[in-house]
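On a predicted model such as this, the values are computed, not experimentally measured, just so you know.
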Amino acid sequence: MLKDEPINRIPRATCAVCLRPQRSCICQWITPVAHQVEVVVLQHPLEVDQAKGSARLLHLSLARSALVTGEVFDEAALQALISAPLHGQAAAKAPDYTVLLYPDSPQHQSLGLPAPPVLDPERLRAPSRLRLIVLDGTWRKSRKMLYLNPLLHQLPRLALQDMPASHYRIRKAHKPDQLSTLEATCAALAQLDGNADLFASLLAAFDGFVAQQAGYQA
């Protein structure tokens, strides 16, 4: 008896921009925003192929941003992401001040980490010279990323306060105030830029993205 011939599967066509299968392309939701603060998203590897993830939509909508994947980063590479001009950005300059978007809590004690530097409000007054580091992953994964990368311990932390409920209904949250990466970053940028209206169109597009992903689950 002859063995069955192997099935040659036809690879799915992928969008070159959003890197998703063309049938589930999210490029229609890309919404350019004229933001001032630079953004570096450190994405956990398990988020790369997560269809519900919002980090790539965020990156494609923010011209002054970088999206880098990893869990434990090379120290020199991470230091560059924190303090050097962003690679590929026209006329890029080194930031004057870099902060980590992370809850302000005594969690560093439970993890055995040193207390982060105190955030200096005066240094937040020039948004065009600021850089925001964002961890993209589940709560547990982002906490592990913080723990495993000592350079992140040295960054002052920007925390979000009194946020409205998330529209990110396609992924389970452990707490009602936990937001998607896109929502949290927009909230932080609105706070630093001093212009909440600037991100309204991107958040509206995010609602469309969420509805699209929910439709695949129906």
Side-chain angles (χ1 to χ4, degrees), residues 18-20 24 26 29-30 37-62 64-75 77-82 86 98-114 116 131-161 163 165-189 191-192 199 202-203 206 209-210 212-214 216-217:
C18 70
L19 306 182
R20 301 208 178 198
S24 55
I26 62 170
W29 309 119
I30 296 173
V37 180
E38 291 182 335
V39 176
V40 172
V41 180
L42 304 180
Q43 183 179 54
H44 191 278
L46 293 180
E47 290 294 314
V48 174
D49 295 322
Q50 173 56 258
K52 303 172 187 176
S54 63
R56 187 150 190 86
L57 175 60
L58 173 71
H59 168 54
L60 292 172
S61 298
L62 301 182
R64 304 187 70 199
S65 72
L67 177 62
V68 185
T69 301
E71 183 177 58
V72 182
F73 293 87
D74 173 79
E75 186 170 316
L78 182 56
Q79 185 61 64
L81 291 170
I82 290 172
L86 283 185
T98 299
V99 299
L100 175 67
L101 180 59
Y102 204 81
D104 184 12
S105 71
Q107 187 185 77
H108 58 271
Q109 298 176 356
S110 64
L111 293 176
L113 303 179
R131 182 170 296 172
L132 181 70
I133 305 293
V134 180
L135 304 182
D136 177 53
T138 63
W139 177 245
R140 187 168 71 172
K141 293 300 184 184
S142 62
R143 183 173 59 182
K144 186 176 181 182
M145 291 169 71
L146 174 62
Y147 180 81
L148 293 174
N149 294 280
L151 285 178
L152 298 179
H153 309 169
Q154 302 171 20
L155 296 177
R157 297 181 190 173
L158 179 72
L160 302 176
Q161 304 291 337
M163 295 302 301
S166 172
H167 289 195
Y168 200 34
R169 63 182 187 274
I170 53 176
R171 293 188 77 171
K172 182 179 180 180
H174 294 287
K175 297 180 180 179
D177 59 348
Q178 288 182 347
L179 306 174
S180 67
T181 296
L182 185 146
E183 290 173 306
T185 303
C186 285
L189 292 179
Q191 180 178 324
L192 295 171
F199 301 93
L202 177 53
L203 290 170
F206 177 67
F209 163 80
V210 170
Q212 176 183 347
Q213 301 307 310
Y216 298 143
Q217 301 174 9

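Of all heavy-atom pairs spanning P45 and T69, the tightest one is CA-CG2, 3.7 Å. Minimum heavy-atom separation, F209 to G53: CZ-O, 3.3 Å. Counting all heavy atoms, side chain and backbone alike, A159 lies closest to Q191 at O-OE1, 4.1 Å. Minimum heavy-atom separation, N149 to E71: ND2-O, 2.8 Å. For S65 against H59, the heavy-atom pair with the smallest separation is OG-ND1, 2.8 Å. Between L135 and S142, the shortest heavy-atom distance links the atoms CD1-O, 3.5 Å.
Residues satisfying the side-chain hydrogen bond (donor to acceptor under 3.5 Å, both in side chains) criterion with R131, sequence neighbours excluded, are E38.
Expressed to the nearest 0.5 Å, how far CG of L132 lies from CZ of R64 amounts to 12.0 Å. Separating the CG atom in L202 from the CD atom in E183 is a distance of 10.0 Å, to the nearest 0.5 Å. Note: I26 CD1 to L19 CG = 9.0 Å, rounded to the nearest 0.5 Å.
By the 4.5 Å heavy-atom criterion applied to side chains, Y102 and I133 are not counted as neighbours. Considering only heavy atoms from C-beta on, L101 stays 4.5 Å or farther from V39 through its side chain. When side chains are defined from C-beta on, L179 counts as touching L160, because their heavy atoms get closer than 4.5 Å. Using a 4.5 Å heavy-atom threshold, the side chains of E47 and T138 count as touching.
Residue Q79 qualifies as enclosed at atom CD: its count of foreign heavy atoms under 6.0 Å is above 12.
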